[in-house]
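Residue indices begin at 1 and follow the sequence shown. Each ligand, and each atom within it, is numbered from 1 in the order the structure gives.
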Amino acid sequence: METTLIILKPDAVQRGLIGRIIGRFEEKGLQVVGLKLMRISPDLAARHYESHQGKPFYDGLVKFMTSSPVVVMALRGVGAIAICRKLMGATFGSNAEPGTIRGDFGVSNSFNLVHGSDASESAARELELFFGAGEIQELDRAIEGWVYDISSGEPE
Ligand code: UDP
Ligand code: MG
């Protein structure tokens, strides 16, 4: 099982899309194990996006991410990181495929509704930035054996 960090960016919250976007991840079968509404500080935005420092879009990105509250989520599942990236779609709303979150709900390249960790190292780092001790739940989902084939003993 992997856990990944998803952020519903300020545009998603302002546009009233929280429920519909969370629904995309839930209906796919991912477990919500952490969830909160918060305002990202400039310092936290800088740490979260440290790999983009110095890029032309960096200042605008930090301004955007700190401009209004966001929803942060920890999502869990087998292959959750890659599955979430696929559900999100390509970075730019202008060319994200229909059927993806970015493809269905937006047209902007910078205001693209959702962040998702891109690898296991970044997921671990980002989850630690946004969730404190005890804020991520361990839950035995009653439906687990219908979401996954667990006949081998491992979810697949
Ligand atoms: N971004 C932007 N212009 C660009 C590239 C990225 O405004 O040319 C913003 C966009 O909001 C994107 C974020 O910076 O989601 C982080 O970029 P990254 O390349 O990591 O894309 P992601 O992993 O979010 O798909
Ligand atoms: Mg990225």
Would you indicate which of Asp11, Thr91, Leu113 comes nearest to atom 25 (O) of ligand 1 when only heavy atoms are counted? Thr91

Tell me whether ligand 1 is touched by Phe111 - counting only heavy atoms on the residue side and a distance under 4.0 Å. no

protein heavy-atom neighbour closest to atom 11 (O) of ligand 1 works out as Ser110 O, 2.9 Å

Are Phe105 and Phe64 connected, step by step, through hydrophobic side chains (Ile, Leu, Val, Met, Phe, Trp, Tyr) whose heavy atoms are closer than 4.5 Å? no

Residue list, side chain to side chain contact (heavy atoms under 4.5 Å, CB included) with Thr100, at least two apart or on another chain: Ala96, Glu97

Taking heavy atoms and a distance under 4.0 Å, where does Arg102 meet ligand 1: side chain, backbone, both or neither? side chain

Under 4.0 Å from ligand 1, counting heavy atoms only, is it the side chain of Phe64, its backbone, both or neither? neither

Protein heavy-atom partner closest to atom 8 (O) of ligand 1 - residue, atom, separation in Å: Phe92 CZ, 3.4 Å

Please work out which of Arg85, Lys9, His52 has its closest non-hydrogen atom nearest to atom 17 (O) of ligand 1. His52

Would you say the rings of Tyr49 and Tyr58 are close, in the sense that their centroids are separated by under 6.0 Å? no

Identify the closest protein heavy atom to atom 1 (N) of ligand 1: which residue and atom is it, and at what distance? Phe57 CD1, 3.5 Å

What pairs with Phe130 under ring-ring contact (aromatic ring centres under 6.0 Å, His included), at least two apart in sequence or on another chain? His48

Using the ring of Phe131 (Phe, Tyr or Trp, six-membered ring only), decide whether Lys36 places NZ or CZ under 6.0 Å from its centre and within 45 degrees of its axis. yes

Result for side-chain hydrogen bond (donor to acceptor under 3.5 Å, both in side chains) between Arg76 and one of Gln137, Glu138, Gln31 points to Glu138

shortest atom 12 (C) of ligand 1-to-protein heavy-atom contact is with Asn112 ND2, 3.5 Å

Among the heavy atoms of Asp118, does any lie under 4.0 Å from an atom of ligand 1? no

On a heavy-atom basis, which atom in Gly116 and which in Ile6 lie closest, and how many Å separate them? CA-CD1, 3.8 Å

